[in-house]
Amino acid sequence: MAAQQKRSKERLDAILAAALRCFRREGFHGASISRICAEAGISPGHLYHYFDSKEAIVEAIVQGDRERIRGMLDQLATAPDPVEALMRAILTPSLEQRLQIDGVLTLEIYAEAARNPRIAAIVNDFNAHAQASVANLLAALQRDGTVDPDAQPDRVASFLISVAEGLMLREAVDPLHRPDHVAPYLRKLLRTILVDPPRKK
């Protein structure tokens with residue numbers, strides 16, 4: 001049974017990876033089920049054994065990214081320097097992980113969410129989960145004295161997610177974007193917000 005489950009997981013990952021390539025290359029609407037099947041080297045019947053629609057494929061991709069973020073937050077929670085850990089998380093090249101949502105795919109998914117209620121629900125659920133997870137992490141770091149006790153976790157979490165998404169989208173559309181040029185300013189900003197807030201007069 002273990003070998004069968006492993007093969008099933010490998011087929012599932014192969015379908016998701018093929019769908020990601022198609023979505024990035026052709027857009028959500030252009031990437032038909034038949035094109036995804038051709039990219040994955042499988043029949044439509046085989047694909048429908050795993051997914052009943054393109055929306056279901058996107059849901060699985062988003063769920064995979066949720067698991068990635070959960071693992072990232074677990075690492076941040078134990079990092080000796082939360083600012084440097086956040087820097088790495090925000091500026092990590094988006095395609096280092098094969099099934100990760102990058103800027104191009106984010107643009108596609110957000111554009112589709114404006115027209116497709118099912119995709120909108122997936123995106124809203126993901127955003128709410130990410131916001132709550134980051135806020136919970138910041139609150140925990142406040143309790144152990146690592147983060148400024150006056151910071152408001154919910155608002156800071158929203159800001160950090162906006163910064164991360166903005167940089168990811170910029171990377172997707174601007175070939176001149178240089179994360180190393182942004183890094184010193186991002187580090188200073190994060191330290192001001194999280195660690196070294198201005199002294200109250």
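Keep in mind it's a predicted model, so treat the numbers as computed, not measured.
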Problem set entry | Glu55 side chain to Asn116 side chain, donor-acceptor N/O pair below 3.5 angstrom | yes
Problem set entry | Test log, rule side chain to side chain contact (heavy atoms under 4.5 Å, CB included), inputs Arg143 and Leu138 | CA-CA 9 Å; Arg143 289 191 292 272; Leu138 293 173; over 6 Å; no
Under 3.5 Å, is there a donor-acceptor pair between the side chain of [X] and the main chain of [Y]?
{"X": "Glu108", "Y": "Phe28", "value": "yes"}
{"X": "Asn136", "Y": "Ala132", "value": "yes"}
{"X": "Thr78", "Y": "Gln75", "value": "yes"}
{"X": "Asp174", "Y": "Arg170", "value": "no"}

How long is the gap from [atom1] on [X] to [atom2] on [Y], to the nearest 0.5 Å?
{"X": "Leu47", "Y": "Ile15", "atom1": "CG", "atom2": "CD1", "result": "5.0 Å"}
{"X": "Ser158", "Y": "Gln152", "atom1": "OG", "atom2": "CD", "result": "11.5 Å"}
{"X": "Leu16", "Y": "Arg21", "atom1": "CG", "atom2": "CZ", "result": "10.5 Å"}
{"X": "Glu39", "Y": "Leu20", "atom1": "CD", "atom2": "CG", "result": "10.5 Å"}
{"X": "Met87", "Y": "Leu190", "atom1": "CE", "atom2": "CG", "result": "6.5 Å"}
{"X": "Ile193", "Y": "Leu160", "atom1": "CD1", "atom2": "CG", "result": "6.5 Å"}

Non-hydrogen atoms of [X] and [Y] that approach each other most closely:
{"X": "Ala157", "Y": "Val134", "result": "CB-CG1, 3.6 Å"}
{"X": "Pro44", "Y": "Cys37", "result": "CA-SG, 3.5 Å"}
{"X": "Pro153", "Y": "Ala135", "result": "CB-O, 3.5 Å"}
{"X": "Gln142", "Y": "Pro149", "result": "NE2-O, 3.3 Å"}
{"X": "Arg187", "Y": "Glu84", "result": "NE-OE2, 2.6 Å"}
{"X": "Leu141", "Y": "Ala77", "result": "CD2-O, 4.3 Å"}

For residues [X] and [Y]: do they belong to one hydrophobic cluster (side chain heavy atoms under 4.5 Å, members Ile, Leu, Val, Met, Phe, Trp, Tyr)?
{"X": "Leu169", "Y": "Leu91", "value": "no"}
{"X": "Ile119", "Y": "Leu107", "value": "no"}
{"X": "Tyr185", "Y": "Val182", "value": "no"}

For this session: Check side-chain hydrogen bond (donor to acceptor under 3.5 Å, both in side chains) between Arg178 and all other residues, then give those that pass, not counting sequence neighbours.
Result: Asp180
[X] vs [Y] side-chain heavy atoms within contact, under 4.5 Å:
{"X": "Phe23", "Y": "Ile61", "answer": "yes"}
{"X": "Leu189", "Y": "Phe159", "answer": "yes"}
{"X": "Thr146", "Y": "Val195", "answer": "no"}
{"X": "Leu167", "Y": "Leu186", "answer": "yes"}
{"X": "Asp125", "Y": "Val62", "answer": "no"}

Problem set entry | Test log, rule ring-ring contact (aromatic ring centres under 6.0 Å, His included), inputs Tyr50 and His46 | CA-CA 7 Å; Tyr50 293 92; His46 193 173; 5.7 Å; yes
For this session: Kindly write out the residues that satisfy salt bridge (Lys or Arg N to Asp or Glu O under 4.0 Å) with Glu59, not counting sequence neighbours, or none if the list is empty.
Result: Arg118
Exercise. Counting only heavy atoms not in Arg25, do more than 12 sit closer than 6.0 Å to its CZ atom?
Worked result: yes
For this session: Please assess Arg191 against Asp81 for the test salt bridge (charged side-chain N to carboxylate O under 4.0 Å, His left out), listing each intermediate value before the final yes or no.
Result: CA-CA 10 Å; Arg191 288 207 176 277; Asp81 187 334; 2.7 Å; yes
For this session: Please test Glu112 against Lys54 for side chain to side chain contact (heavy atoms under 4.5 Å, CB included), starting from the C-alpha separation and ending with a verdict.
Result: CA-CA 11 Å; Glu112 183 63 20; Lys54 285 194 292 183; over 6 Å; no
